[in-house]
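A, B, ... follow the sequence lines: proteins, then strands. Residue 1 opens every chain.
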Amino acid sequence: MEWRDQGIVLGGRSHGENAIILDVLTQTHGRHLGLVRGGASPKRAALVQPGAQLSLIWRARLEDHLGSFTIDPLRTRGAQVFTSKLSLSGLNAACALLAFALPEREPQPQIFDHTERLFDLLGQDDVWPLAYMRWEMHLLQALGFGLDLRACAVCGGANDLSYISPKSGRAVSRAGAGEWADRLLPLPPVMLGQGDGDDKAVTDALGVTGYFLHEKLAPALAQGPIPEARARFLDVVSVRAAHGPD
Amino acid sequence: MTAPSPIEHLIALMARLPGLGPRSARRAVLHIVRKRAALLAPLAEALQAVAQTARECLNCGNIDTADICPICASAARANGQICVVEDVADLWAMERTGAFKGRYHVLGGTLSALGGIGPEDLKIPRLKDRLQTEQVGEIILALPATVDGQTTAHFIADEMGADITISTLAQGVPIGGELDYLDEGTIGAALAARRAF
């Protein structure tokens, strides 16, 4: 068995003295693991950092074997993130969430594209939280927990959408909510593409996506709680919203 | 099934050491058995002594034979600087340079989003305690130039408070490094950290 693809490194764990088992999100083969011989050596460690984009050749005797990767760097993103707490915590959150949520070997080309675009923005701290929020919405969509914010679930209109149903993930207008408003989640305008997308708005929106990650996705996957890295990223954005950039 | 001979047992144990496999362990054991007087007996005594006395320094996490390692015990090293490293091997590497005259703190790992290693798994509370008891003015973060290492560095910087100077090791072109062979991340970091010549 052999295929060629490109992938974004989500993480890796050491295997023996010099090898690592690499966890990558590939363009056409979904999330895939494979052994990288010499991947733990100082010369290659930079290539297998989370967020790095690699050209991959995967080989195995049988399809269900772990197999091994031959890697070649396409893009390393270390320099963009090391000096930025926001980018680092965001990168960690996105990688941890992908590794948590995506099943292995199930093609997710759209998630790959969205993730590649998100990671290409690393280092641009002014727009990154907003881009991350949109990426989380895409992730929920791809995993079957998409938010339908096109029209009110009660009235059908597209005006004055102010809430989200925690059950269906559909938008609800102020008029449609009526006396049920206190049981619904507030819909931050930034999720509708409105407003300037500042950190406060993004923090509110991440609260909404976080609700669906914690209450819908995590129970469905039955793999424990959402990775702590997401909460740390949210803390960084919240602090920035309260005190401004570093 | 018969029990392995002591020599086979020794080979099996040696083969588990870093850098050794079954073949090289066999060669090493054969060598020390042949040099019984010069190597085998002293090696056995040294291993026995280390097994009985090696322990983690209660202050910094270094490995030595006393509860408080010589670096922490030395008043001359109390210069108000603490160098934070990931593990003991990093501490020993720093010491080999002879360039750092302060004390160390071994974290015992780095934060890892995928590995599930959180702040509670590292010796960060002990580091915070030391800031008070040792009148620390500067913390030098000598953590790996990896995503996990730098995430940990930012986390520690946040935890330490504003009245402490936080610095990190420089990142860039290594001695003997040629630009052609460096990844673009390293070159970018070196360019960003350039200085007047």
Q: Using heavy-atom distances under 4.5 Å, tell me whether L17(B) contacts chain A through its side chain, its backbone, both, or neither.
A: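 L17(B) touches chain A through backbone heavy atoms alone.
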Q: Counting only heavy atoms not in Q132(B) (residues, nucleotides, ligands), do more than 12 fall under 6.0 Å from its CD?
A: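 12 or below, so no.
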Q: How many angstroms lie between atom OG1 of T151(B) and atom CZ of R232(A), to the nearest 0.5 angstrom?
A: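 One gets 8.5 Å once the value is rounded to the nearest 0.5 Å.
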Q: Taking the side chain as C-beta and beyond, is there a heavy-atom pair between V236(A) and H154(B) under 4.5 Å?
A: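 Not touching, per the 4.5 Å side-chain cut-off.
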Q: More than 12 foreign heavy atoms under 6.0 Å from CD of E120(B): is that the case here?
A: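 Yes, because the 6.0 Å sphere around CD of E120(B) holds more than 12 heavy atoms from other groups.
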Q: Between A145(B), G188(B), G149(B), G118(B), which residue shows the highest count of heavy-atom pairs closer than 4.5 Å to chain A?
A: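 Sorted descending by pairs with chain A, the first entry is A145(B).
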Q: Under 4.5 Å from any heavy atom of chain B, what part of P50(A) do you find: side chain, backbone, both or neither?
A: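 Contact with chain B involves both backbone and side-chain atoms of P50(A).
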Q: Taking CZ in R126(B) as the centre, count heavy atoms belonging to other residues, nucleotides or ligands within less than 6.0 Å. Is the count above 12?
A: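 Yes, because the 6.0 Å sphere around CZ of R126(B) holds more than 12 heavy atoms from other groups.
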Q: To the nearest 0.5 Å, tell me how far F155(B) CZ sits from D235(A) CG.
A: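 Rounded to the nearest 0.5 Å, the CZ-CG separation comes out at 9.5 Å.
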Q: For S89(A), is it the side chain, the backbone, both or neither that has a heavy atom under 4.5 Å from a heavy atom of chain B?
A: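 S89(A) has no heavy atom closer than 4.5 Å to chain B.
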Q: Tell me, side chain or backbone of N18(A) under 4.5 Å from chain B's heavy atoms, or both, or neither?
A: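 For N18(A), no heavy atom lies under 4.5 Å from chain B.
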Q: Under a 4.5 Å cutoff for heavy-atom pairs, which residue among G116(B), G19(B), P144(B), A189(B) has the most contacts with chain A?
A: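 Sorted descending by pairs with chain A, the first entry is G19(B).
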Q: If you draw a 6.0 Å radius around CD1 in I7(B), do more than 12 non-hydrogen atoms from other residues or ligands fall strictly inside?
A: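 Count not over threshold, so no.
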Q: Counting only heavy atoms from other residues, nucleotides and ligands, does the tally under 6.0 Å from NE2 of H9(B) exceed 12?
A: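 12 or below, so no.
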Q: For atom NZ of K200(A), is the number of surrounding heavy atoms from other residues, nucleotides or ligands below 6.0 Å larger than 12?
A: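 No, the 6.0 Å shell around NZ holds no more than 12 heavy atoms from other groups.
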Q: What's the shortest heavy-atom distance between L20(B) and E17(A), and which atoms?
A: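 So the minimum-distance heavy-atom pair works out to N-OE2, 4.0 Å.
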Q: Under 6.0 Å from the CZ atom of R13(A), do we count more than 12 heavy atoms belonging to anything else shown?
A: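 Incorrect, the count does not exceed 12.
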